[in-house]
There are 2 protein chains.
Amino acid sequence: MDALNSEARKENENYLTLQELLHVKSDLDESCILHQSLSLIADKWTLLVLMALMQGTKRNSELQRQIKGISPKMLTQTLKTLISYGMVDRKAYPEVPPRVEYCLTEFGISTADPLTALLNWSVAWEEQLVKLYKEKVAR
Amino acid sequence: MDALNSEARKENENYLTLQELLHVKSDLDESCILHQSLSLIADKWTLLVLMALMQGTKRNSELQRQIKGISPKMLTQTLKTLISYGMVDRKAYPEVPPRVEYCLTEFGISTADPLTALLNWSVAWEEQLVKLYKEKVAR
DNA sequence: CCGAATCCAGAACGATACTG
DNA sequence: CAGTATCGTTCTGGATTCGG
């Protein structure tokens, strides 16, 4: 268990560990880059919309169908936020009935990297996590 | 740019990509393991408390000083949640005045792995992210 | 020193109905 | 089909006060 220093992956010269970050700046607050980036994508639907678009360009109604339980309002709102972030592109075709397509930008695609790491951690601790989540929503 | 399939890291047999996850289950909702694990740690202070404890065992008052802007209530509450998750251990010494120490469990330490990935993504896109965060809090 | 209890403001989210 | 507007609820987090 060498998670803290992640030596295994440090072949890459530019790889930065949490310890190194804390060494540079041990005061912790909202200016922490980790806190900032997490707060941008950590709401109820953003993650799911990003994942759906990882499969490729989709229309509004396709997203609506694929993402169970999302309301039209929240879908639109989440997409608008992601567009303002520069993570999603919107293309509207001047047709009747209207057709609108959404796809990820390069920046949007880049989120796959940290999300994949989170996925593999989640799978490794899945039993624990699922139990905790159930308890959480039970409240 | 091969973020979606992360071939570079697939030397590891067990490595799972987002595409593979979506292939197994293309319906997206709150049962998605990624959504569940993210929702457990994605609140205002959890991340900062975890990071502080990555440096080692600490007392309540040390955490209070190091984490700028956190109120005693939110510190206690966040610690209690992390203890209930099994990510943090609490040791109380029967002294006067009381002394209480907190440290990470193996599960807590394991969060360093996804967090380090998020950190390196954040640093790669730092300029973009900091700008977006500023706009977000301005609202 | 450590933490519990209470009250409250604001944000996030959901349901519904409506427009081009 | 895509998106907007309005309203109401729920949840989060902050301020303050009190107790062991």
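Per chain, numbering begins at 1; letters A, B, ... match sequence-line order.
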Open item on the list: For A:Lys44 and B:Pro72, find the nucleotide of DNA chain C closest to each by heavy atoms; which residue's nucleotide sits nearer the 5' end?
Closed with: B:Pro72
Task: B:Asp113 backbone acceptor or donor facing A:Trp121 side chain under 3.5 Å - done: no
TODO: Starting at atom CG of A:Leu75, determine the distance to atom P of D:dC1, rounded to an integer number of angstrom.
DONE: 14 Å
Open item on the list: Just N and O in the side chain of B:Arg90: are any of them under 4.0 Å from OP1 or OP2 of C:dG3?
Closed with: yes
Open item on the list: Expressed as a whole number of angstroms, how long is the span from A:Glu62:CD to D:dC1:P?
Closed with: 11 Å
Open item on the list: Rounded to whole Å, please give me the gap between CD1 in A:Ile70 and C1' in C:dA15.
Closed with: 14 Å
Open item on the list: Tell me the interatomic distance from A:Tyr93, atom OH, to C:dG20, atom P, rounded to whole angstroms.
Closed with: 25 Å
Open item on the list: From the set C:dG20, C:dC1, D:dG14, return the single nucleotide nearest to any side-chain atom of B:Pro98.
Closed with: C:dC1
TODO: Using whole Å, report how far CD of A:Gln77 lies from P of C:dG14.
DONE: 10 Å
- [ ] Could you please name the option among C:dC2, C:dG3, D:dG13 that lies closest to any side-chain atom of B:Arg59?
- [x] C:dC2
- [ ] Indicate whether the side chain of B:Tyr85 and that of A:Gln128 have a donor and an acceptor atom separated by less than 3.5 Å.
- [x] no
TODO: May I ask you to say what B:Ser61 touches in the nucleic acid, namely base, sugar-phosphate or nothing, with a heavy-atom cut-off under 4.0 Å?
DONE: sugar-phosphate
TODO: State whether the side chain of B:Thr105 and the backbone N or O of B:Gly86 hold a donor-acceptor pair below 3.5 Å, judged by distance alone.
DONE: yes
Open item on the list: Expressed as a whole number of angstroms, how long is the span from A:Met74:CE to D:dT9:C1'?
Closed with: 14 Å
Open item on the list: If only side-chain N and O atoms count, and only distance matters, is there a donor-acceptor pair under 3.5 Å linking A:Gln55 with A:Lys58?
Closed with: yes
Task: B:Lys73 side chain, from C-beta outward: closest of C:dG14, C:dG3, C:dC7 - done: C:dC7
Open item on the list: Quick check against the 3.5 Å criterion: does B:Gln36 have a side-chain atom that pairs as donor or acceptor with the backbone of B:Glu30?
Closed with: yes
- [ ] Compare the minimum distances between each of D:dC1, C:dA15, C:dC2 and the side chain of B:Val100, then state the nucleotide with the smallest one.
- [x] C:dC2
Open item on the list: Among D:dG13, D:dA2, C:dC2, which nucleotide has an atom closest to any side-chain atom of B:Tyr102?
Closed with: C:dC2
Open item on the list: Rounded to whole Å, please give me the gap between CZ in A:Arg139 and P in D:dC11.
Closed with: 11 Å
Task: Distance, rounded to the nearest Å, where B:Leu79 contributes CG and C:dA4 contributes C1' - done: 14 Å
